[in-house]
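Everything below concerns the one structure shown next.
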Amino acid sequence: MKTRKVPMRMCLGCQQMKPKKGLLRIVRTPEGTVELDSTGKRNGRGAYICSDLTCFRTAVREHRFRKAFEVDIDPKVFADLEGKISP
């Protein structure tokens with residue numbers, strides 16, 4: 001029996017490659033809004049992050065979301081996302 005390849009993605013916070021299913025996807029929609037993608041299938045540019053709050057804060061502090069999405073993001077959006085990520 002053939003083993004399947006596990007898709008890997010890099011966390012924006014800790015910069016480590018991890019299995020895609022273990023990460024949260026944050027997406028910039030075609031309308032320009034940035035939000036959490038719980039399904040992992042929404043249209044738009046996606047970035048992945050661990051469900052760890054320290055990884056999220058590191059990514060915000062080092063402007064990694066701005067680099068990934070190529071757009072400035074409102075701090076209010078970060079506050080909303082931080083509330084949705086489990087501590």
### Task
Please check if the side chain of Thr58 supplies one atom and the backbone of Thr54 the other of a donor-acceptor pair under 3.5 Å.
yes
### Query
In terms of hydrophobic clustering (I, L, V, M, F, W, Y; side-chain heavy atoms under 4.5 Å; direct or indirect links), are Val77 and Phe65 co-clustered?
yes
### Query
Atom NZ of Lys18 and atom CE of Met8: how far apart are they, to the nearest 0.5 Å?
9.5 Å
### Query
Taking it one step at a time, do Glu35 and Arg42 satisfy side-chain contact (heavy atoms from CB on, under 4.5 Å)?
CA-CA 10 Å; Glu35 45 198 51; Arg42 295 195 56 189; 2.3 Å; yes
### Query
Got a second to check how far Arg25's CZ is from Ser38's OG, nearest 0.5 Å?
11.0 Å
### Query
Honestly curious: do Leu23 and Met17 fall in one hydrophobic cluster under the side-chain, below-4.5 Å linking rule?
no
### Query
Could you state the interatomic distance from CG (Asn43) to CZ (Arg28), rounded to the nearest 0.5 Å?
12.5 Å
### Query
Can any side-chain N or O of Asp37 pair as donor or acceptor with the backbone N or O of Lys41 at less than 3.5 Å?
yes
### Query
Are Leu81 and Val60 connected in the hydrophobic side-chain network, where two residues link if heavy atoms are under 4.5 Å apart?
yes
#### Entry: Flag side-chain contact, heavy atom, 4.5 Å: Pro19 against Pro7
no
### Task
Could you tell me whether Glu70 and Arg45 have a side-chain N and a carboxylate O separated by less than 4.0 Å?
no
### Task
Indicate if Val71 and Ile49 have the same hydrophobic cluster label, given that clusters are the connected sets of ILVMFWY residues with side-chain heavy-atom separations under 4.5 angstrom.
yes
### Message
So, taking the atom named NZ in Lys84 and the one named CZ in Phe56, what distance separates them when rounded to the nearest 0.5 Å?
### Response
10.5 Å
### Query
Would you say Glu82 and Leu53 make side-chain contact, with heavy atoms under 4.5 Å?
yes
### Query
In terms of hydrophobic clusters joined by side-chain contacts under 4.5 Å, are Leu12 and Phe69 together?
yes
### Task
Could you grab the distance from atom CG of Asp72 to atom NE2 of His63, nearest 0.5 Å is fine?
9.5 Å
### Message
Evaluate Ile85 against Leu24 for side-chain contact (heavy atoms from CB on, under 4.5 Å), listing each step before the verdict.
### Response
CA-CA 9 Å; Ile85 294 176; Leu24 300 173; 4.0 Å; yes
### Message
Could you check whether any side-chain N or O of Arg64 sits under 3.5 Å from a backbone N or O of Gly13, counting only pairs where one atom can act as donor and the other as acceptor?
### Response
yes
### Task
I would like to know whether Gln15 and Met10 meet side-chain contact (heavy atoms from CB on, under 4.5 Å); could you show each step before the answer?
CA-CA 6 Å; Gln15 299 285 296; Met10 183 181 287; 3.6 Å; yes
